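Small disclaimer: the values here were computed from a predicted structure and weren't measured. Chain letters run A, B, ... following the sequence lines, proteins first and then strands; every chain starts at 1.
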2 protein chains.
Amino acid sequence: MKKTIFIFSALTIALLVLFQLSKYTYMSGDISIEIIIAVIAIIFFFIGAYLRTKTAKKEMIAESGINHKKIEELGISKREYEVLVQIGKGLSNQEIAESLFLSESTVKTHVSNLLIKLDAKRRTQALQKAKELQILSQ
Amino acid sequence: MKKTIFIFSALTIALLVLFQLSKYTYMSGDISIEIIIAVIAIIFFFIGAYLRTKTAKKEMIAESGINHKKIEELGISKREYEVLVQIGKGLSNQEIAESLFLSESTVKTHVSNLLIKLDAKRRTQALQKAKELQILSQ
DNA sequence: CCGGGACTCATACTAAAGTACCAAAAGCAT
DNA sequence: ATGCTTTTGGTACTTTAGTATGAGTCCCGG
């Protein structure tokens with residue numbers, strides 16, 4: 001919201017500056033009014049497109065954003081979450097162990113805890129629930 | 001591409017029309033040049049924003065679509081694909097068998113074939129690859 | 001009619017995955 | 001310092017998952 005106000009203020013100021021500029025150049029008679037208007041139109045066209053891109057990106061991030069609150073709520077620890085991410089990549093326990101420099105036993109412990117915390121019976125179900133809860137990037 | 005050309009043509013025409021309009025109104029002396037410029041700026045601001053929104057939406061749709069061609073290319077049959085969808089829901093072979101009215105043996109056969117066709121070693125890896133290939137809805 | 005692909009199912013096996021329980025070291029806050 | 005949680009690891013066990021192989025049924029195109 002603060003940013004929106006800031007952007008609109010900046011836009012208004014920019015508009016006023018352009019008015020003064022156009023007035024001056026028009027008075028001097030060097031540049032035709034058509035070109036000034038064209039430049040202004042193009043500038044504002046791209047400003048509009050740029051702002052939409054920014055807000056669209058924000059929406060995308062908000063949609064695909066990871067819900068850190070829910071991770072905490074479920075009591076999932078850092079290490080457990082790292083294991084969850086590797087599961088999402090389709091790795092086996094042994095492969096996860098190698099990628100995180102752990103023994104397979106430790107990975108199994110983490111996986112078991114994850115299954116309890118996500119209320120799942122299998123790792124595939126854990127993945128499905130994690131995506132449902134927006135804990136994992138799709 | 002055709003649409004892009006069309007949009008730019010329309011934009012150019014609109015610009016020219018506005019020029020003529022502004023010239024006329026300026027000559028008549030009724031409306032100040034500032035207001036004309038402001039209106040043009042606002043109009044083009046929203047045109048830019050609108051076009052960005054449209055292209056962003058198109059990108060989203062293109063991303064979330066299921067690639068039926070790739071399913072065919074990989075030689076995945078109807079029944080195999082149904083099993084794949086159930087795997088994505090986090091079901092076990094036994095549960096898939098019940099939901100599709102099959103024996104567990106049949107499900108295992110389908111899963112094995114899927115793993116070969118998707119070049120995966122585990123069902124979780126198959127899911128990851130399926131999503132990568134945009135075969136499964138995220 | 002017949003070969004081939006898709007679908008179904010079974011058995012027997014190996015390899016992962018997951019459970020249960022225990023335990024020690026490390027990090028952290030009161 | 002002393003609990004507390006996290007992280008790590010182990011053993012022993014059960015359950016699923018996945019492989020290999022064979023085989024019967026159904027449907028479709030040549």
Most 5' of A:Ser105 and B:Thr124 on DNA chain D, judged by nearest nucleotide: A:Ser105
Spatial distance of atom CG (A:Leu127) from atom CD1 (B:Ile87) [nearest 0.5 Å]: 12.5 Å
Closest-nucleotide 5' rank along DNA chain C - winner of B:Phe101 and B:Arg122: B:Phe101
Integer-rounded Å distance: D:dT6 C1' and A:Leu102 CG: 13 Å
Set of residues satisfying side-chain contact (heavy atoms from CB on, under 4.5 Å) with respect to A:Ser103, sequence neighbours excluded: A:Ser105, A:Thr106
d(NZ, A:Lys108; C1', D:dG9) in whole Å: 12 Å
Sugar-phosphate only, base, or nothing, as touched by B:Ser103 at under 4.0 Å among non-hydrogen atoms: sugar-phosphate
Whole angstrom value for the distance that separates C1' of D:dA17 from CD of B:Glu104: 9 Å
Any pair counted as salt bridge (Lys or Arg N to Asp or Glu O under 4.0 Å), so long as it reaches residues 117-126 of chain A, sequence neighbours left out: A:Glu80-A:Lys117, A:Asp119-A:Lys129, A:Arg122-B:Glu95
Distance test, side-chain N/O of A:Thr106 to OP1/OP2 of D:dT7, below 4.0 Å: no
OP1 or OP2 of D:dG18 under 4.0 Å from side-chain N/O of B:Arg123: yes
Sugar-phosphate, base or nothing in reach of A:Ser92, heavy atoms under 4.0 Å: sugar-phosphate
Interatomic distance, A:Lys121 NZ vs D:dT16 P [rounded to whole Å]: 9 Å
Separation of atom CD in A:Gln94 from atom P in D:dA17, rounded to whole Å: 20 Å
Distance, rounded to the nearest Å, where A:Glu80 contributes CD and D:dT6 contributes C1': 8 Å
B:Gln128 and B:Glu132: side chain donor to acceptor below 3.5 Å: yes
Boundaries of the chain A footprint along DNA chain C (any atom under 4.0 Å from a heavy atom): C:dA17 to C:dT19
Under-4.0 Å side-chain N/O to phosphate OP1/OP2 contact, A:Ser77 with D:dT7: yes
Separation of atom CG in B:Leu115 from atom P in D:dA20, rounded to whole Å: 11 Å
